[in-house]
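Each remark here refers to the structure printed beneath this line.
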There are 2 protein chains.
Amino acid sequence: MPRVTEAHRDARRAQIRAAALRAFTAKGYQRASISDVVAESGLSAGAIYGHYEGKRALFAAVAEEVLSRRGTELEAAARDGVPPSPVEVLTLLMGGMTRDIQDNRVIVQLWAESTVDDMIHDVVQEVVSAIQGVLHGALRAWYATRPDLCAGDPDAAAELLLPVMLGLAQGYLVQRAMLDDFDPDRYLRSAAAVLPR
Amino acid sequence: MPRVTEAHRDARRAQIRAAALRAFTAKGYQRASISDVVAESGLSAGAIYGHYEGKRALFAAVAEEVLSRRGTELEAAARDGVPPSPVEVLTLLMGGMTRDIQDNRVIVQLWAESTVDDMIHDVVQEVVSAIQGVLHGALRAWYATRPDLCAGDPDAAAELLLPVMLGLAQGYLVQRAMLDDFDPDRYLRSAAAVLPR
DNA sequence: GTCTATACGGAGATAGAC
DNA sequence: GTCTATCTCCGTATAGAC
């Protein structure tokens, strides 16, 4: 299999995903039509359908790409250097989201879609599980440096903190997407006040 | 204006809202059609449109009803009896949600819709603001009984905790709607480990 | 692989009788 | 106020040429 062709194919697919993300971000996933993606990509409907089965598959692919990056980033940060504290982990995750997509309304739309579309559900399920795994590892590493806080059992401490860490991240994203007067710094100060440090 | 007629009108509107909630819950807001609401209500399309402008207005009305109840419940709990602790407040709110709607997928769908539909946005915005107000009051009342935890300033302490309390509630709802293996008790234990008590 | 043009289906909303 | 029947729009997806 000629690798040039393969690379070209992947590049085109990436181009389509990028266009889809722009369209979904601008209009919202439900309201964005395939025509919007077409317009955004500079290609045609036929071209899109040649690479993705349809709008749902496109959303799944984009979601996989964006969410996976959070796991990758966190893993990298946890690997080299001092283990980040819970608040630093939260800040890192939220900063990454903001970097990838302007506002994060589309993330909330993704969650909603995952409650009703099986294809989306499966992708989100898988990637979020992966993120939880990485998150667990990061927290465990940090607790290991703070034996005073975990009674010598970093693993159990990380396990206990995990749902709240995920929940605080989700709360941040919901509020940022939904509330007119959301204040990111205030939210992080609030989180810092309750999280171990 | 004859009050019997007025009462009948309100009853019918409540009947329609209840039918809409069932339809939205069963199929998801986007996928539920007006026909579904019609079928669920036992009425006709014409009857529905005689009382509500359309699907969006219906969702807004249902959302207003369900969310407002959270504020009312919390206010009642905070008023009579011992001020509930943060974890108790969280448990109360989540219990109320579960009572009103089986799973809470439709809540996440509501948030998503609020990021893209102005009518929904305005309603959610208003009701969530009200809930935050009540929440603030409840937390302040609790802190007032625990001066050791707030350095004598219950108001500031409540203000600081507010975003996290809201975020933890939202995280609970997202995870419950989205994750196959969500464990409510585990989430609450996790929250109890970080929240002041 | 990609384009243009179009078929198909479904959903929200309305008309008009009762 | 409510019903039946229907209209109209719009979005997804495909057909067929290049």
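For clarity, every value in this text was computed on a predicted model and none was experimentally measured. Values reported hereafter were calculated over all heavy atoms of this structure, with side chains retained and with hydrogens, waters and symmetry mates removed. In what follows, chains are A, B, ... by sequence order, proteins preceding strands, each numbered from 1.
Between A:Arg12 and C:dT2 there is a side-chain N or O to OP1 or OP2 distance below 4.0 Å. Distances shown here put every side-chain N or O of B:Arg31 at or beyond 4.0 Å from the OP1 or OP2 atom of C:dG10. For the pair A:Ser33 and D:dG11, the criterion of a side-chain N or O lying under 4.0 Å from OP1 or OP2 is not met. For C:dG1, neither phosphate oxygen OP1 nor OP2 lies less than 4.0 angstrom from any side-chain nitrogen or oxygen of A:His8.
The CD atom of B:Gln15 sits 13 Å away from the C1' atom of D:dG1 (whole-angstrom rounding). Between B:Ile34 atom CD1 and C:dA11 atom C1' the separation is 9 Å, expressed in whole Å. Here C:dG10 presents its P atom at 11 Å from NZ of B:Lys27, a figure rounded to the nearest Å. Look at CG on A:Leu58: it is 16 Å from P on D:dG11, rounded to the nearest Å. The interatomic distance linking B:Asp10 (CG) with D:dG1 (P) rounds to 10 Å, in whole Å. The distance from atom CD1 of B:Ile48 to atom P of D:dC3 is 9 Å, rounded to the nearest whole Å. In this structure, A:Phe24 places its CZ atom 13 Å from C1' of D:dG11, rounding to the nearest Å. To the nearest angstrom, P of D:dT12 lies 17 Å from OH of A:Tyr52.
In this structure, the separation between OH on B:Tyr172 and OG1 on B:Thr98 is 5.0 Å, given to the nearest 0.5 Å.
Residue contacts shown for B:Gly54 are limited to sugar-phosphate atoms, with no base heavy atom under 4.0 Å away.
Comparing C:dT2, D:dG1, D:dT12 by their closest approach to the side chain of B:His51 singles out D:dG1. Taking the side chain of A:Tyr49 as heavy atoms from C-beta on, and the options D:dA5, D:dT12, C:dC3, the nearest nucleotide is D:dT12. Counting only heavy atoms from C-beta on, B:Arg9 has its side chain closest to D:dG1 among D:dG1, C:dG12, C:dC3. Comparing C:dC3, D:dT12, D:dC3 by their nearest atom to the side chain of B:Ser44 picks out D:dC3.
For A:Gln175 and B:Gln170, the side-chain atoms include at least one donor-acceptor pair closer than 3.5 Å. Between the side chains of B:Gln102 and B:Thr25, not a single donor N or O lies within less than 3.5 Å of an accepting N or O.
When each of B:Leu110, B:Leu67, B:Leu21 is checked for a side-chain contact (heavy atoms from CB on, under 4.5 Å) with B:Val62, only B:Leu21 meets the rule.
A donor-acceptor pair under 3.5 Å is absent between the side-chain atoms of B:Arg197 and the main chain of B:Val87, judged by distance alone.
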